[in-house]
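To keep things clear, I will list the structure first and then write my remarks on it.
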Amino acid sequence: YIMLRRLSRKWNRVTTRWTSMKPDLYVKSKIISTLGPASDNENMIQKLIENGVDVFRLNFSHGDHDYHQTIFKRVRKVAKKLDAPTAILCDIQGPKIRIGDIEGQVSLAPGNVVRVTAQEIIGTQHRIQVRYPTIHTDLDVGDKIFINDGIVQLAVTNKEQDDLVCEVISGGIISSKKGCNLPSGNINIDVLTKKDEEDLKLIAALDPEYVAASFVGNGDDVKRVKRCLAKCGNEQIKIISKIERPVAVDKIDEIIQESDVLMIARGDLGVEIPAQDVPIAQKVIVKKGNREGLPVIIATQMLESMINQARPTRAEASDVFNAVLDGSDSVMLSGETSVGRYPVETVSMMNKIIDTADTQMPPRNPDEFDTIQEDPVKIHTQIVGHSSFTIQSELLAIGKKAKLFIFTPDTEMVRMVTKYRPQIGIVAFTETERVMRELNIAWGVSPIYAPKLVKMKNLKKKIVLGIEIAKRKGILLDETHVVIVSHTDDSLGFGITLYQIEDLLLSTRQTT
């Protein structure tokens, strides 16, 4: 270990020499696609997988339980047919705040005074309802109320007995049940609604790889979702915490400790914090997630214009490109594939942008991604992850092509390898189909279900069979070396070994 740490100090020399080598073509961020009326038939699901989709999102804000059950089974069927490690993400709606009923449409102009109440009324130009029972006590003078994705903005100027007196800062037209954002950190919302609890009962039975929890504000909110799933009989579904409120940005460290994946949901987040601050929050959250080995998803309006047109704007292409360079594990499509006119073309375009961005991704300094770990297992996995990065850097520096094989019963070791962003492809051989699919959200990983291989005690035989499987699947091409990360024979530790593929195969032939 000390020797490998010394090697890592040669960082500047290694990165300078590496520039003559291109990164492995299989190193890429993953694509998450939302299914909907435009894409939920078997033929379209197959085309989306073939064009680069790694994870499908089922949006529980729309559709009933029968619909989601049907689509879930459809995805599993197509993925099995294609022998694809496609994962499924179920996204629950969460506590969406809305205004009450309005008499027709109401136009609010800047400077107008409008009263806001929690009482059930028919709204007018002068007084409207916000369906949040404690709005009067939770908001103070100076707090903001955003309506209809922030198009209409109100500022609280005074508090009366039942009403908040507000000045219209940014005007527009509002109508019944439009969405409402309250960016104040004093908002006390239960992260799970009655609808969410009913949805989680179904989700627990369906058993997807991931559940996305909306509007989490702290670590306790994440625990609340876990408890609900456990109560429904499923403790293995991984939790994706959606970061879409200012309070979640402020409490990101405790959210990370309770989460399995982070999603930067820039829609609501972009309403509740100034637009110019969203890119800053994105970069900070991605870096924090990367350092802890948590996959990070960047979502919302990535290729929004492709809902209606066959090509993205240059700004959208740059957005996806920079999301990859920021360090995202996955980028997500929403309306583009659920209701858009060009779902397959959108996925294909995103895949091309990702592939281009991958060739421009500079090697990381692994020292910047080391974290202080107290868990003995994480101490070991981080050291192995850092060390495997150093070995692959040295191989690239002398012009050798290689793959990184990980034999793993779970996702922990793989996450600690991927956080350093090795520039060679990662092949993760898994003990269960579930872990295989879970890893399909992680950056740069080609997961393969091979239970007998993972459990095999003879390391040399294990590696040879792994090479054969990877070649058969077209993952291992002209590489000359493999870096191996695996449990030791006694399963008490982890080991790293380096083999020249030709010598290993020759040695095996000679002994048989």
Are the charged groups of Glu197 and Arg224 less than 4.0 angstrom apart, N to O?
-> yes
Determine whether the side chains of Asn181 and Arg245 contain a donor N or O and an acceptor N or O closer than 3.5 Å.
-> no
Find out whether Met413 and Val384 are in side-chain contact, i.e. whether some heavy atom of one side chain is under 4.5 Å from a heavy atom of the other.
-> yes
Look at Glu50 together with Lys47 and state whether they make a salt bridge at an N to O cut-off of under 4.0 Å.
-> no
Return yes if a side-chain donor-acceptor contact under 3.5 Å exists between His65 and Asp199, otherwise no.
-> yes
Validation row: Val261, Leu294 side chains within 4.5 angstrom (heavy atoms) | no
Any side-chain donor paired with an acceptor under 3.5 Å for Asn234 and Asp207?
-> yes
When you measure from the centre of the six-membered ring of Phe407, is the NZ or CZ of Lys462 under 6.0 Å away and within 45° of the axis?
-> yes
Can you find a side-chain donor-acceptor pair between Asn308 and Tyr342 that sits under 3.5 Å?
-> no
Hey, can you tell me if Phe405 and Phe429 have their rings parallel, tilted or perpendicular (30° and 60° cut-offs)?
-> perpendicular
Give a yes or no on whether the backbone of Phe369 and the side-chain of Lys419 come within a donor-acceptor separation of less than 3.5 Å.
-> yes
Would Lys96 and Asp196 pass as an ion pair if we require N to O under 4.0 Å?
-> no
Test: Glu438 and Lys238 ion pair at under 4.0 Å = yes
Decide, yes or no, whether a salt bridge links Lys28 with Asp54 under the criterion of side-chain N to carboxylate O below 4.0 Å.
-> yes
Are Arg266 and Thr300 close enough that a side-chain donor and a side-chain acceptor fall under 3.5 Å?
-> no
Would you call Asp370 and Arg291 a salt bridge, taking side-chain N to carboxylate O under 4.0 Å as the test?
-> no
